[in-house]
Amino acid sequence: MSLFDYTLRELQEKLHNKEISVTDLVEESYKRIEEVDEEVQAFITLNKEAAKQKAAELDQERGNADAKLFGLPIGVKDNIVTKGLRTTAGSQFLSNFEEPLYDATVVNKLNDAKSVTIGKLNMDEFAMGSSNENSSYAAARNPWNTDYVPGGSSGGSAVAVAAGEVPYSLGSDTGGSIRQPAAYCGVVGLKPTYGRVSRFGLIAFASSLDQIGPITRNVEDNAFLLETIAGHDKMDSTSANVEVPKYTESLTGDVKGLKIAVPKEYLAEGVSTEVKEAVQAALKEYEKMGATWEEVSLPHSKYALSTYYLLSSSEASANLARFDGVRYGKRAEDAETMLDMFKRSRAEGFGDEVKRRIMLGTFALSSGYYDAYYKKAQQVRTLIKNDFEKVFEDYDVIIGPTTPTPAFKVGDKVDDPMTMYANDILTIPVNLAGVPGISIPCGFSGDGLPIGLQIIGKHFDEGTVYRAAHAFEQATEYHKQRPSLGGARS
Ligand SMILES: NC(=O)C[C@H](N)C(=O)O
């Protein structure tokens with residue numbers, strides 16, 4: 001058994017009782033990375049020397065170890081800026097961004113809580129993708145079967161946790177990038193309410209949709225981590241000044257009387273039989289625990305995918321304008337004029353998917369098309385948000401699958417953007433509405449690949465989402481299964 005099979009709270013107890021040291025934990029992490037990372041490619045950059053030094057320092061000061069994440073090793077998605085530690089956003093454009101000058105707010109919070117950053121996690125370039133195959137580095141692989149993708153864009157964040165390289169990690173979610181890889185890798189991933197967690201220091205993809213969130217092996221750890229990173233930040237004007245509850249206190253195990261809505265659009269055509277059956281079995285489990293469920297409709301769901309690709313690409317085209325070869329990242333050589341230098345740096349620096357989105361976004365924003373595409377998409381976004389609000393007048397949570405199918409094979413969809421985009425059909429509406437959503441393990445396919453259950457809550461009601469997720473976890477064993485990767489673990 002690995003140390004990382006313990007919950008964060010249990011690890012802290014062991015640290016407290018001096019059964020283990022912070023150095024033991026950090027060494028366990030790097031040992032496991034050495035064993036399996038060549039196979040799964042979860043990390044882009046390791047922080048070995050600094051992490052070991054920090055562990056030694058923390059071991060010295062252990063007497064007053066009451067910081068929230070004291071000594072617990074974490075992996076951070078590589079679009080979250082870390083001072084002095086290379087931050088690439090999965091792009092070779094930023095491969096030389098070795099020494100960022102500041103920490104993202106969430107990283108400051110992790111540091112204040114005295115966690116130890118093990119390294120930066122693999123991702124699709126600038127968070128655009130659903131399989132990790134768009135990483136400029138290596139494509140991360142699914143620990144349950146390395147012929148399969150781990151999902152994306154926070155593929156590395158889900159893989160590192162599922163493969164036992166770190167006990168918990170941070171990802172970011174614009175259209176499903178935390179929940180979809182969490183579902184594919186059999187771990188727990190939460191996208192918080194928009195505004196719950198500061199985006200300061202998150203390399204922006206689509207600013208009105210991006211949120212940072214926790215990926216863990218169980219719901220309690222997830223709630224614990226969200227408590228640490230959430231909260232208002234004056235450096236992010238979209239972060240909400242709303243009190244952060246103690247999420248761990250909402251894990252009562254009691255869902256008696258909980259009112260669940262199941263959107264018929266989420267179990268429709270395109271959702272595989274195995275996934276449907278797993279979700280139906282989960283609903284039965286909730287019934288047994290005293291919750292009730294009813295079918296509802298989110299009628300504008302069918303427009304969510306096109307709305308998302310218009311809005312997120314439009315925002316990306318503006319956000320990514322800053323990568324011009326001047327201020328950040330690589331610069332094209334041999335350019336003759338300044339304009340030529342901009343053009344060549346961008347042509348050489350960005351991968352195909354990023355270019356596709358920038359072109360789509362620029363087109364949607366251009367005069368003559370703006371009203372027909374961008375403005376229209378904004379209006380449809382409001383309709384989608386209203387669908388959710390209407391359902392939440394009568395229900396506490398919405399439950400459905402996280403993804404239409406379990407993970408697919410590496411290479412299967414990489415040349416077909418439309419089928420790749422369709423992966424996020426059940427996660428995207430949640431970002432458009434700005435509400436919180438979690439994915440938790442709820443079964444396995446015939447091929448032994450994990451299936452994820454999505455639980456969606458009201459704005460700023462992560463507490464109820466966690467309570468529902470935790471109760472299901474307590475009643476089932478899916479989260480206790482481990483991939484047999486590397487042979488060394490059981
Ligand atoms: N970034 C995300 O949340 C993932 C989504 N698959 C996208 O490519 O936009």
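We count ligands from 1, going down the list as the structure has it; atoms in each ligand are counted the same way. Predicted model, so just to flag it, every value in this text is computed and none were measured. The basis for the numbers below is simple: all heavy atoms, side chains too, and nothing from hydrogens, waters or symmetry mates.
- Atom 5 (C) of ligand 1 has Asp424 OD2, 3.1 Å as its closest protein atom, hydrogens excluded (heavy atom only).
- Listed by atom number, the atoms of ligand 1 under 4.0 Å from Ser130 heavy atoms are 6 (N).
- Of the N or O atoms in Phe205, none lie within a sub-3.5 Å distance of an N or O in ligand 1.
- Salt-bridge formation is not detected for the pair Asp103/Lys83: no Lys NZ or Arg NE/NH1/NH2 atom is positioned less than 4.0 Å from an Asp or Glu carboxylate oxygen.
- Paired with Glu462 under the rule salt bridge (Lys or Arg N to Asp or Glu O under 4.0 Å), one option of Arg196, Lys191, Arg467 passes, and it is Arg196.
- In terms of polar-atom proximity, defined here as any N/O pair under 3.5 Å, Gly176 does make such a contact with ligand 1.
- With rounding to the nearest 0.5 angstrom, the CG atom of Asn218 is 8.0 Å from the CG atom of Asn222.
- We find that Arg179 and Asp173 are joined by a salt bridge, their nearest charged nitrogen and carboxylate oxygen being less than 4.0 Å apart.
- The aromatic ring centres of Tyr184 and Trp144 sit 6.0 Å or more apart.
- The aromatic ring centroids of Phe363 and Tyr370 lie 6.0 Å or more from each other.
- By the 4.0 Å N-to-carboxylate-O rule, Arg199 lies close enough to Asp236 to be salt-bridged with it.
- Between Gly152 and ligand 1, not a single N/O pair is under 3.5 Å apart.
- Between atom 3 (O) of ligand 1 and the options Ser312, Ala127, Gly175, the minimum heavy-atom separation is to Gly175.
- Among all non-hydrogen protein atoms, the one lying nearest atom 9 (O) of ligand 1 is Tyr308 OH, 2.5 Å.
- Interface atoms of ligand 1 facing Met128, defined by a heavy-atom separation under 4.0 Å, are 8 (O).
- Using a 4.0 Å cut-off between charged nitrogen and carboxylate oxygen, Lys68 and Glu227 count as a salt-bridge pair.
- Considering both main-chain and side-chain atoms, Arg357 comes within under 3.5 Å of ligand 1 through a nitrogen or oxygen pair.
- Contacts between Phe126 and ligand 1 below 4.0 angstrom, taking non-hydrogen atoms only, are absent altogether.
- When Asp78, Asn79, Thr45, Asn47 are each tested for a side chain to side chain donor-acceptor pair (under 3.5 Å) with Lys120, only one passes: Asp78.
- Against a heavy-atom cut-off of under 4.0 Å, Gly129 is close to the following atoms of ligand 1: 4 (C), 5 (C), 6 (N), 7 (C), 8 (O).
- Every atom of ligand 1 with a heavy atom of Thr174 under 4.0 Å away is listed here by number and element: 1 (N), 2 (C), 3 (O).
- For atom 2 (C) of ligand 1, the closest non-hydrogen atom on the protein side is Ser177 OG, 2.4 Å.
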